[in-house]
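Heads up, the thing below is written out as C-alpha cells.
All values below come from the heavy atoms of this structure, side chains included, with hydrogens, waters and symmetry mates left out.
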Amino acid sequence: TQPQTTTTPTQTSRPSSSLLFIVSSSFRSTMTFVQDLLKPGGGIALIPAIRATIVCLLLMVIIMGILDIARIHMAVLAFLSVGLLVSISMFEKAWNDVQQRNRGNGGTSSVRRDDDKEPEKTD
C-alpha cells in the first residue's frame with residue numbers, strides 16, 4: 001500500500017502593496033542615481049567607491065606580496081595602485097577648485113570664448 005498524503009490547497013501569494021511601493025521606490029531611486037551618473041560631470045559621485053576599490057586592491061596586492069606570490073608583479077601592481085590613488089586625489093582637488101571658482105563667478109563656465117577673434121594660423 002502507498003502512504004496517503006494530504007494536500008492542502010495552496011494560496012497564490014500576492015505581494016502586498018507596501019512591498020510593491022518599496023520595490024518601485026527603490027527602482028526609481030536607482031534609476032535616478034544612474035541618470036545622475038550619466039549626466040555630464042555626474043561620474044564625480046563614484047570617486048568614493050573607486051577609491052575604496054583601489055584601496056582594497058592595494059591591500060590584496062600587499063598581502064599577496066608578503067605571502068611571496070609573484071612578488072615582483074605585486075610590487076608593480078602596488079606601485080600602479082598608489083599612482084591611481086594619487087591621480088584620483090589630484091582629479092578630485094582640481095574638480096573642487098573648478099566648482100569653487102564657478103560658484104564664485106556666479107556659475108559661469110571657466111572656459112573663455114573669444115568669438116570675435118579669428119583663430120591664429122599655424123602654417
Original post:
R71 and G65: which non-hydrogen atoms are nearest, and at how many Å?
Top reply: NE-O, 3.2 Å

**OP:** Return the set of residues passing side chain to side chain donor-acceptor pair (under 3.5 Å) with N96 (not counting sequence neighbours), or none when no residue passes.
**Re:** none

Original post:
Between I50 and V82, is there a shared hydrophobic cluster once you connect ILVMFWY residues whose side-chain heavy atoms come closer than 4.5 Å?
Top reply: yes

**OP:** Tell me whether L57 is reachable from L77 by hopping between hydrophobic residues (I, L, V, M, F, W, Y) whose side-chain heavy atoms are closer than 4.5 Å.
**Re:** yes

Original post:
Are the side chains of L80 and V76 in touch, meaning some heavy atoms are under 4.5 Å apart?
Top reply: yes

**OP:** State, yes or no, whether a side-chain contact exists between M74 and I62 at a heavy-atom distance under 4.5 Å.
**Re:** no

Original post:
Do the charged groups of D97 and R101 touch, with an N to O distance under 4.0 Å?
Top reply: no

**OP:** Determine, using the 4.5 Å side-chain heavy-atom cutoff (strictly less than), whether L46 and I88 are members of one ILVMFWY cluster.
**Re:** yes

Subject >> Atom of S81, atom of L58 and distance for their closest heavy-atom approach >> reply: CB-CD1, 3.8 Å

Original post:
Any chance CD1 of I72 has more than 12 other-residue heavy atoms, nucleotides or ligands included, within less than 6.0 Å?
Top reply: no

Original post:
Does I63 share a hydrophobic cluster with L84, counting links as ILVMFWY side-chain heavy atoms below 4.5 Å and allowing steps through other members?
Top reply: no

Original post:
Applying the 4.5 Å side-chain criterion to the ILVMFWY set and letting contacts propagate, would I54 and M90 be lumped into a single cluster?
Top reply: yes

